[in-house]
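A short worksheet on the structure shown next.
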2 protein chains.
Amino acid sequence: MPSDQTRTAILAAAERLYADRGFGDVTLRDIVAAAGVNLAAVNYHFGSKDELIAELFVTRSIATNRERLNELKAAEEKGGGRADIDAILRALVGPTLRGCLGPDRERSTAARFMIRASIESVPPIRRIKNREVDHLRKFVAAMRRSLPDRGEVDLYWGLHFALAMAHHTIRESERLARLSDGKCDLNDVAGIIERIVAVSVMALTGGAAEKKPAAKLVARDAR
Amino acid sequence: MPSDQTRTAILAAAERLYADRGFGDVTLRDIVAAAGVNLAAVNYHFGSKDELIAELFVTRSIATNRERLNELKAAEEKGGGRADIDAILRALVGPTLRGCLGPDRERSTAARFMIRASIESVPPIRRIKNREVDHLRKFVAAMRRSLPDRGEVDLYWGLHFALAMAHHTIRESERLARLSDGKCDLNDVAGIIERIVAVSVMALTGGAAEKKPAAKLVARDAR
DNA sequence: TTGCATTTCAAACACTTGTATGAAACTATC
DNA sequence: GATAGTTTCATACAAGTGTTTGAAATGCAA
């Protein structure tokens, strides 16, 4: 059995560099330099640059999806097969937001890499990404169980908007900070999640307060 | 005065190619081939590839911003200096959505180019893009006039979410179509705009129906 | 037409990219 | 300890990039 410390060093360095600087301007030479290995090691261990990216993406993709589904399943079991809509949405956007935002960006490399992958859309990733709809369908199903009276199309749009707010918040966090002169606290990840979930719930329920007391719907104007 | 048909041919070809395929994989040779001009013409007329991109971006940027501000000003004048919040948001997201979505993608090249620019974040654009916050501040000011009781931070988040939904809808329109098996009609641009505006208004007003009858807040389940 | 500035063109330049090669170093089995 | 398989390494390669060059072509005033 081969010692794969070179392999993992390449994977770690590549993920960090891609997360920080994007796929566009990270070369194989940058990666091997950061990993402290030889240039030819990438092609030896992975075959090509694209296969390296693909392996990176599939690994993180199933990890993120599992994290989401675990939260979803926990919420559904607690509710006896029918989770509250806000819990479903929290399971959808929570993992990514917690991974990408907040002060502890140390182990957030994976999440930041996934955001890069969702933004830049490089060929090897685009091919894989089509399976993601199957993953999202599970959330649509859970939402349908939670809101059986809502129309199908509204559910799709609600899920779409929830992802929109989550991803856009991650991508444009600095612009929001500058626009608001720092008044929008982007380190308060829990607060951001609640904000996005609250808006998504309103989008899905038409603004009328539902069965739950809707605790977090009030404006939070810290600082 | 020089005949600038070569210049404009380059600009048109570059904008179309960038809009269609992104900055990443469009070379100068692709551009000059599409424009039917010589390779050296780009450097002769623009100095460098980055300056070509920058000129493209600033031109479209001020055009889009003007379109937005015209709608905003019209709404504010109609309301005697204080526009309804939904009119403000419509002025913010309407122009871009109308340009990028819908069946007539012929003259939407400009809007699609702007979306590319907002996604890929290539260096020459990133430098210019910082001025956009000044443009957005005008919308924050209008929102403050329209909703004087709302907290500052809520206004920023509301504007942020509105842009999030608009941009994400443009970027991931095909995924939404596939996820919903075509049930989400992405050719109904006016309906999409109203949907986004409605959710944004709810995000800003906390879900309670305000002074206006909130006409469009009901779910639309066409098809 | 002559002369001069502007614009076009083919060709080459310098550089970076991902990939391939073949020898060297290493590892573990017999 | 010899040998076969695996891994590393320096180096080279082919292709593609933006840019530059200097001459040819063009347009336009005197």
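All chains are named by letter (A, B, ...) in the order of the sequence lines, taking the proteins before the strands, and each is independently numbered beginning at 1. These numbers were taken from a predicted model, which means no experiment stands behind them.
A sub-4.0 Å separation between OP1 or OP2 of D/dT8 and a side-chain N or O of A/His45 is present.
In this structure A/Phe161 satisfies the ring pair (Phe, Tyr, Trp, His ring centres under 6.0 Å) test together with A/Trp157, sequence neighbours excluded. Not a single side-chain contact (heavy atoms from CB on, under 4.5 Å) links A/Ile62 to another residue, sequence neighbours left out.
Pairs engaging residues 40-55 of chain A under the salt bridge (Lys or Arg N to Asp or Glu O under 4.0 Å) rule: A/Arg7-A/Glu55 [sequence neighbours left out]. The salt bridge (Lys or Arg N to Asp or Glu O under 4.0 Å) analysis of residues 169-179 of chain B, with sequence neighbours excluded, yields the pairs A/Glu132-B/Arg175, B/Glu172-B/Arg175. Screening residues 4-33 of chain A for ring pair (Phe, Tyr, Trp, His ring centres under 6.0 Å) gives A/Tyr18-A/Phe23, A/Phe23-A/Phe113 as the qualifying pairs, with residues at least two apart or on separate chains.
The interatomic distance linking B/Asp25 (CG) with C/dG18 (P) rounds to 14 Å, in whole Å. C/dT6 atom P lies 18 Å from atom CD of B/Gln5, rounded to whole Å. In this structure, A/Phe23 places its CZ atom 17 Å from P of C/dT17, rounding to the nearest Å.
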| field | Where protein sits on nucleotides 13-24 of chain D, one letter per nucleotide: B base, S sugar-phosphate only, - none, heavy atoms under 4.0 Å | value | ----BBBBB---
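The two residues B/Ile88 and B/Ala142 come nearest to each other via the heavy atoms CD1-O, 3.4 Å.
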